[in-house]
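Input: a single structure, listed below in structure tokens.
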Amino acid sequence: MLDIKLIRENPDFVRKGLAAKKEKDRIGEILTLDEERRTLIFAVEELKAKKNQASAKIPQMKKAGEDASALLAEMKGVSDEVTSKDKRVSEIEEAINNILAYIPNLPHESVPVGMSAEENVEVRRWLPEGYKFEPDFKPLDHIQLGKKLNILDFERGAKVTGSGFPIYKGKGATLERALINFFLDMHINEHGYEEIFPPFLVNRDSMKGTGQIPKMEEDMYFIEKDGLYPIPTAEVPITNIYRDEVLAEKDLPVKYAGYSACFRREAGSYGKDSKGFLRVHQFNKVEMVKFVQPETSYDELEKLVKNAEDILQALQVPYRILMLCTGDLSFSAAKCYDIEVWSPAEQKWLEASSCSNFEGFQARRANIKFRKEENKKLEYIHTLNGSGLATSRLMVSLLENCQTPEGTIGIPKPLQKYTGFSIIG
RNA sequence: GGAGAGUUGGCAGAGUGGUUGAAUGCGGCGGUCUUGAAAACCGUUAAGGAUGUAAGUCCUUCCGGGGUUCGAAUCCCUGACUCUCCGCCA
């Protein structure tokens, strides 16, 4: 949610930011409604003041034995007017909020302006020593490997549930579990995060708080009977931990890391990169979430990306970091880095992590504040989050990169104590 | 699933129709005292909104929504959540 005051006072600045995000301009509409709202509030508050004065006077008159019936009758009329004007005010406010709820965050000034993913900027890349993008032998892709080694079963997953619900089997299941534990241990023991195991279903307020709803509603699963949403990422429950709360500045930054299964309908994206793990409806992810002071949020974003990179380096997985351009930024993000891992079989980069600074956008939606030490005032907090990491696409890269010419998989050293084996096949 | 109790300020807790934004205690902040600290004492202590350069003035808010009334923390309806007992259950 953007700050209505910012829109009121700096409409052109807001327009410019939204245009860079390819957003249609509804600022004029908001300004008109906002003007109407304030006029109305001025009138209704005058009436309410009158009413309050009468409410104080009536018992006095009664005590003094005077006749208050004329005043009573007058107030009846005032009351009715207040009711109808109040109703109109809340209608206008609802209209404003309805528009505001669909308006995305403004991009940070450091974000390159661009129309689409084509214009994202590669910031850096990291490759294991002596890494070759084209291996000496013809690599099998992750689906072939999964089948050959009997560790992944996409077909039966589709039978049991539907397409995009993979089954991990035997050492594949163990590897998946090992990855999750490895990620969590690293964030907790080395990066200073506190572990959270969140609920996998959340209510509507939580989905609104982090910005998935209303705009991305179509991409969310929904359990109608209970009004609950299976989470698309642990970002939702973890960020909403502090919804409608005030944190103490001395406790910041608050850093949480948590595993969750993630559920996404991926509506409208059928047929696009949909084979195997490339696009699934359920996957596993460890998410890092931070609550920080506004002044520090961009430093914290850089650290967040490094925390994710540490994992890939430990696993010797080739990756690159992209700074998303304005046109590719997600709804709530002010700035975002994607981390993409290399798939030798696909011969392309696959998104495995997304690290974003939301500034106060989610905090305003979710009403998360902190109290400044300095002047004891309340201020909206800045929230950030990043995958560290999602296993599915990483699994593609990992299996393909760790395969031997014989078609077996060598488990990276740091993972072995989690898997209990060093080779699959 | 059945029956009952509850939800008030940072916390604890009073308050059942009339200047109650709300007693009291604790905590927080400022001060007096003290070499310093503690204790004691005094004062202070919400958020959001409208308006204004500002000081200020006004409005709203006692879990959410609706209603009764000139007037609601207080009465009625409804929803959410919490707790207790019973049933079921990994």
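In what follows, every chain begins at residue 1, and chains take the letters A, B, ... in the order their sequences are listed. Values below: all heavy atoms of this structure, side chains included; hydrogens, waters and symmetry mates excluded.
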Next on the checklist: If you count heavy atoms of other groups shown closer than 6.0 angstrom to NZ of Lys50(A), is the number above 12?
Outcome noted: no

Item to check | Closest-nucleotide ordering on RNA chain B, the 5'-leading residue of Leu72(A) and Lys48(A) | outcome: Lys48(A)

Checklist entry - Between Ile58(A) (CD1) and rC70(B) (P), how many Å, whole number? => result 9 Å

Next on the checklist: I need the NZ-C1' distance between Lys87(A) and rG65(B), as an integer number of Å.
Outcome noted: 15 Å

Item to check | rC62(B) and rA23(B), which share atom name P, separated by this distance in whole Å | outcome: 15 Å

Item to check | P atoms of rA47(B) and rG9(B), separation to the nearest Å | outcome: 14 Å

Checklist entry - Side chain of Lys51(A), base of rG71(B): donor and acceptor closer than 3.5 Å? => result no

Next on the checklist: I'd like to know whether NZ of Lys87(A) has more than 12 heavy-atom contacts from other residues, nucleotides or ligands below 6.0 angstrom.
Outcome noted: no

Next on the checklist: Using whole Å, what does the distance between atom C1' of nucleotide rU60(B) and atom NZ of Lys85(A) come to?
Outcome noted: 17 Å

Next on the checklist: Taking ring pair (Phe, Tyr, Trp, His ring centres under 6.0 Å) as the criterion, tell me which of Phe361(A), Phe358(A), Tyr102(A) meets it with Phe331(A).
Outcome noted: Phe361(A)

Item to check | Length of the CZ-P vector between Arg243(A) and rA80(B), whole Å | outcome: 16 Å

Item to check | Donor-acceptor pair present, Gln53(A) side chain and rU19(B) base, under 3.5 Å | outcome: no

Next on the checklist: Nearest whole Å is fine: how far is rG28(B) C1' from Lys250(A) NZ?
Outcome noted: 12 Å

Checklist entry - Looking for any heavy atom pair under 4.0 Å, which part of the strands does Lys57(A) touch: base, sugar-phosphate only, or nothing? => result nothing

Item to check | Whole-Å C1' distance, rC11(B) and rU69(B) | outcome: 35 Å

Next on the checklist: Quick one, Phe183(A) with Tyr259(A), criterion ring pair (Phe, Tyr, Trp, His ring centres under 6.0 Å). Give me CA distance, side-chain angles, the key distance, then yes/no.
Outcome noted: CA-CA 9 Å; Phe183(A) 297 168; Tyr259(A) 156 77; 10.0 Å; no

Next on the checklist: Suppose you measure atom P in rU32(B) against the same atom in rU24(B); what distance do you get, rounded to whole Å?
Outcome noted: 25 Å

Checklist entry - Just checking, any donor-acceptor pair under 3.5 angstrom between side chains of Asn284(A) and Glu176(A)? => result yes

Item to check | Proximity to the side chain of Ala49(A) - top-ranked nucleotide from rU60(B), rC58(B), rC70(B) | outcome: rC58(B)

Next on the checklist: Rounded to whole Å, please give me the gap between CG in Asp67(A) and P in rC70(B).
Outcome noted: 15 Å

Checklist entry - Does rG71(B) have OP1 or OP2 sitting under 4.0 Å from an N or O in the side chain of Ser79(A)? => result yes

Checklist outcome for this item: Using Watson-Crick geometry (N1-N3 plus N6-O4 or O6-N4) or G-U wobble (N1-O2, O6-N3), each under 3.5 Å, rG27(B) is paired with rU45(B)

Next on the checklist: Can you tell me if Glu109(A) has over 12 outside heavy atoms packed within less than 6.0 Å of its CD?
Outcome noted: no

Item to check | Separation between the C1' atoms of rC85(B) and rG71(B), rounded to whole Å | outcome: 41 Å

Checklist entry - Looking only at side-chain N and O atoms, does Asn52(A) come under 4.0 Å of OP1 or OP2 in rU60(B)? => result yes

Item to check | Same-atom distance (P) from rG30(B) to rA46(B), integer angstrom | outcome: 15 Å

Next on the checklist: Side chains of Ser332(A) and Asn105(A): any donor to acceptor distance under 3.5 Å?
Outcome noted: no

Checklist entry - Does Ala366(A) offer a backbone N or O that forms a donor-acceptor pair with the side chain of Arg243(A) under 3.5 Å? => result no

Checklist entry - According to the Watson-Crick and G-U wobble definitions, with both distances under 3.5 Å, which nucleotide is paired to rU51(B)? => result rG56(B)

Next on the checklist: Say we look at rA40(B) and rU57(B): how far apart would their C1' atoms be, to the nearest angstrom?
Outcome noted: 39 Å

Checklist outcome for this item: Under a 3.5 Å limit on both distances, the Watson-Crick or wobble mate of rU32(B) is rA40(B)

Item to check | Heavy-atom protein contacts under 4.0 Å, nucleotides 45-56 of chain B, coded B base, S sugar-phosphate only, - none | outcome: --SSBSS-----

Checklist entry - Rounded to whole angstroms, how far apart are CG on Asp251(A) and P on rG10(B)? => result 17 Å

Checklist entry - Say you pick atom C1' in rG66(B) and the same atom in rC58(B); how far apart are they, in whole Å? => result 27 Å

Item to check | Rounded distance (Å) that lies between atom C1' of rU19(B) and atom NZ of Lys50(A) | outcome: 19 Å

Item to check | Phe421(A) atom CZ, neighbour heavy-atom count above 12 within 6.0 Å | outcome: yes

Next on the checklist: Need to verify one output field. Residue with the more 5' nearest nucleotide on RNA chain B, Glu46(A) or Lys76(A)?
Outcome noted: Glu46(A)

Next on the checklist: Using a heavy-atom cut-off of 4.0 Å across all strands, would you classify Glu74(A) as base, sugar-phosphate, or nothing?
Outcome noted: nothing

Next on the checklist: Going by purine N1 to pyrimidine N3 plus the second Watson-Crick contact, or the G-U wobble pair, all under 3.5 Å, which nucleotide sits opposite rG1(B)?
Outcome noted: rC86(B)

Next on the checklist: Can you tell me the base-pairing partner of rC81(B)? Count Watson-Crick or G-U wobble geometry only, both distances below 3.5 Å, and say none if there is no partner.
Outcome noted: rG6(B)

